[in-house]
Amino acid sequence: MKKILDHINYPKDLRLLKEEQLTKLAKELRTFIIDIVATKEGHLGASLGVVELTIALHYVFNTPEDLLVWDVGHQAYVHKLLTGRKAVFHTNRQLGGISGFPKREESVYDTFGVGHSSTSISAALGMAIASQLKGETNKQHIAVIGDASIASGMAFEGLNHAGVTNANLLVILNDNAIGIDPSVGALKQYLTNVKKGTQKQDNIFEALNFNYSGPIDGHDLPALISELERLKKLSGPKFLHVITTKGKGLKQAEENQVTYHAPGKFNALTGELHPKGNTVEPPKYQDVFGHTLVELAKQNKNIIGITPAMPTGSSLKYMMREFPDRAFDVGIAEQHAVTLAAGMATQGYIPFCNIYSTFLQRAYDQVIHDVALQKLPVIFCLDRAGLVGEDGATHHGVFDLSCLRCIPNLIIFAPRNEIELRNILYTAQLGLDAPIAIRYPRGRGNNLNWKQAFSPIPIGIGQCLKEGKDIAILSIGTICDNVIEAINLFDDDEGMAHYDMRFVKPIDKTLLHEICKNHKTIITIEDGSIKGGFGSEVLEFVSEQAYQNKVHILGIPDKFIEQGTVNNLQKIIGLDPESIANKIKEINESN
């Protein structure tokens, strides 16, 4: 039997269909997404939940002339399939393939690039005001945002501004009560009450001067199309509340929405996850953090855990289960998370503020103004530091060292393995007189025997891992493993010394003096930006002390790195063991 989807490549093809054909198309789209994600991996549940909504949007609105903005982008797979990328969708999130998120350079239908949440309302409002200035009064501007994302401060800022304009803006709330983890907060309870019909207070969106409609069933295509057609004719800011089910169409994804947000590989027919082997593997760094924090919290009643909407991804979930009164998911609100931690620190508590490296960028002012300036001992645990793989440029945690290094009063530490991570977490809760940022990568470590007795780490002290007389290789964090492998590729490695500096700030100046005096050439290696990062710290020291050493900086180049496996990306930018070895050889031969 011929599929309708075979004939749909762009929205103009979609608009040729009769409305009664769209339900069959929705079923075909779900099957297509499930079949691809089952083998190629990716974000599943969010896109399954918006199949009908996406069809209705492209059916009613004249995209790309009408501007459609998606929030975050986890929910944009159907959008990609309907906008010219069906034939290449199997390359989604792969090296050289299409991005897992909307991306302006990829398609004219991707009006705004997104990977972080809560930007859609502000972006769409900016487009709507621009259209007014151009005199394009009939142009439509639609922002699709989830119930977790709309609770973020930036979304409220956009709503607040839009409500005092007459911009032609439609905000669609895709309400499924979950982001990556279940949504939290007072707004979530408000939306729950609205769905139940028990909300007694005034409508919050009408109070902000939006023309509110809903809630309506986000899987009822005729109802969606009818309401969107009506709203298209209204002027000014409008708000449509749509109720959807994340994972719709796949039983397991509907029942286990957290796991099936991005489930990895699974059986497309049954929905069952592929069984994991019996091989005992080293732990993920996030789990080392999570389990260690519980261990420490049992000993220290002043420890607090805080995460902005990532309890599962960061493994703060373990402390939330064990100590629910001392662990907080504050929703997608990184700025609030940081200043909440600062407030707790003023009262003698020891807050572990656990944020993905890429998301800490959203709270940069709070780190400076609310924490470092006041020298409050907040412990920042930066998960997903360095290259993170298939999520690509929006999610690589490569700017933290450069961003944080210039901030006074802030300690910066990167453990080379799981044991070092445990020990710095232990050290930090013993009591510091300044805030500390601890960065660690996505994925697994190398140590099965990681749960060892705690040992304090002296602040600002590096370590010599291998002595040598010619070249000194200085690494920071888990890229240390690649350096060790690179050195092992040489038959004669006596000329190479290797130092784990551990701290970017305060850097071990005593050790650096020793290195500069005993080695002509220094190579720094980091999985962070080479602009202003660890290597720059070493180079500044060498210059300030008037040493004559040659310093070579290896790290993330001054460009945005796209998606691909971490191993493939490291090879491309020269951070895999073989590339590091070749660079060492090249430098050695040029001396």
Side-chain angles (χ1 to χ4, degrees), residues 93-97 285 357 384-393 395-402 414-417 439-446 464-466 468 470-502 504 515 519-539 549-591:
R93 301 175 77 247
Q94 296 179 32
L95 184 66
Y285 276 92
S357 170
R384 270 60 166 184
L387 298 171
V388 298
E390 291 84 354
D391 280 339
H395 281 62
H396 294 313
V398 298
F399 303 113
D400 50 5
L401 294 180
S402 302
R416 69 175 180 269
N417 57 35
R439 77 186 302 261
Y440 48 93
R442 180 186 187 187
R444 297 185 183 277
N446 296 315
C464 178
L465 301 182
K466 179 186 177 300
D470 299 322
I471 294 176
I473 305 168
L474 281 55
S475 64
I476 191 80
T478 57
I479 199 72
C480 175
D481 291 337
N482 288 19
V483 176
I484 292 171
E485 285 188 47
I487 293 173
N488 288 339
L489 292 174
F490 289 86
D491 293 329
D492 179 11
D493 63 5
E494 290 185 3
M496 286 170 271
H498 181 198
Y499 296 86
D500 171 22
M501 296 306 293
R502 297 166 115 192
V504 175
I515 291 167
H519 304 86
K520 289 182 179 180
T521 303
I522 296 171
I523 302 173
T524 68
I525 302 181
E526 60 197 294
D527 60 349
S529 173
I530 60 173
K531 296 293 185 181
F534 164 62
S536 295
E537 177 78 18
V538 174
L539 195 60
N549 308 75
K550 290 183 179 179
V551 180
H552 302 266
I553 299 175
L554 303 185
I556 308 297
D558 186 25
K559 63 180 181 180
F560 289 105
I561 308 299
E562 298 303 334
Q563 72 273 6
T565 66
V566 172
N567 287 341
N568 282 338
L569 296 177
Q570 285 183 345
K571 287 177 184 176
I572 290 171
I573 62 176
L575 285 183
D576 64 299
E578 291 78 12
S579 298
I580 292 172
N582 289 336
K583 189 66 178 179
I584 295 171
K585 183 179 179 183
E586 177 189 319
I587 291 170
N588 207 16
E589 290 174 348
S590 67
N591 286 343

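When a residue number appears, it is its place in the shown sequence, counting from 1.
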What's the spacing between [X] [atom1] and [Y] [atom2] if we round to 0.5 Å?
{"X": "I484", "Y": "H498", "atom1": "CD1", "atom2": "NE2", "answer": "6.0 Å"}
{"X": "N588", "Y": "T521", "atom1": "CG", "atom2": "OG1", "answer": "7.5 Å"}
{"X": "L401", "Y": "F534", "atom1": "CG", "atom2": "CZ", "answer": "9.0 Å"}
{"X": "I473", "Y": "I584", "atom1": "CD1", "atom2": "CD1", "answer": "3.5 Å"}
{"X": "L569", "Y": "I561", "atom1": "CG", "atom2": "CD1", "answer": "7.0 Å"}
{"X": "N567", "Y": "D576", "atom1": "CG", "atom2": "CG", "answer": "8.0 Å"}

Taking all atoms of both residues into account, what is the closest heavy-atom pair of [X] and [Y], and its distance?
{"X": "L575", "Y": "D527", "answer": "CD1-CA, 4.4 Å"}
{"X": "Q563", "Y": "G97", "answer": "NE2-O, 2.8 Å"}
{"X": "S590", "Y": "K550", "answer": "O-NZ, 4.5 Å"}
{"X": "G468", "Y": "H519", "answer": "O-NE2, 2.8 Å"}
{"X": "E562", "Y": "H396", "answer": "O-NE2, 3.2 Å"}
{"X": "E578", "Y": "L489", "answer": "CA-CD1, 4.0 Å"}

Next item on the list: Measure from the side-chain N and O atoms of R439 to the backbone N and O of G397, and report whether any donor-acceptor pair falls under 3.5 Å.
Entry: yes
Close side-chain approach of [X] and [Y], heavy atoms under 4.5 Å:
{"X": "L465", "Y": "R416", "result": "yes"}
{"X": "M501", "Y": "I515", "result": "yes"}
{"X": "L95", "Y": "I572", "result": "yes"}
{"X": "L387", "Y": "I556", "result": "yes"}

Item checked: Derivation and outcome, side-chain contact (heavy atoms from CB on, under 4.5 Å), residues Q570 and I479 -> CA-CA 10 Å; Q570 285 183 345; I479 199 72; 4.0 Å; yes
Notebook entry, point to check: H552 and side chain to side chain contact (heavy atoms under 4.5 Å, CB included): which partner among T524, I587, L539?
Noted result: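 Answer to the side chain to side chain contact (heavy atoms under 4.5 Å, CB included) test with H552 among T524, I587, L539: I587.
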Looking at [X], I'd like to know if its [atom1] atom is crowded, meaning that more than 12 non-hydrogen atoms belonging to other residues, nucleotides or ligands lie closer than 6.0 Å.
{"X": "E494", "atom1": "CD", "result": "no"}
{"X": "K466", "atom1": "NZ", "result": "yes"}
{"X": "F490", "atom1": "CZ", "result": "yes"}

Notebook entry, point to check: How about T565 and N568: does a side-chain donor come under 3.5 Å of a side-chain acceptor?
Noted result: yes
Next item on the list: Answer yes or no: is there an ion pair linking K520 with D470, defined by an N-O contact shorter than 4.0 Å?
Entry: no
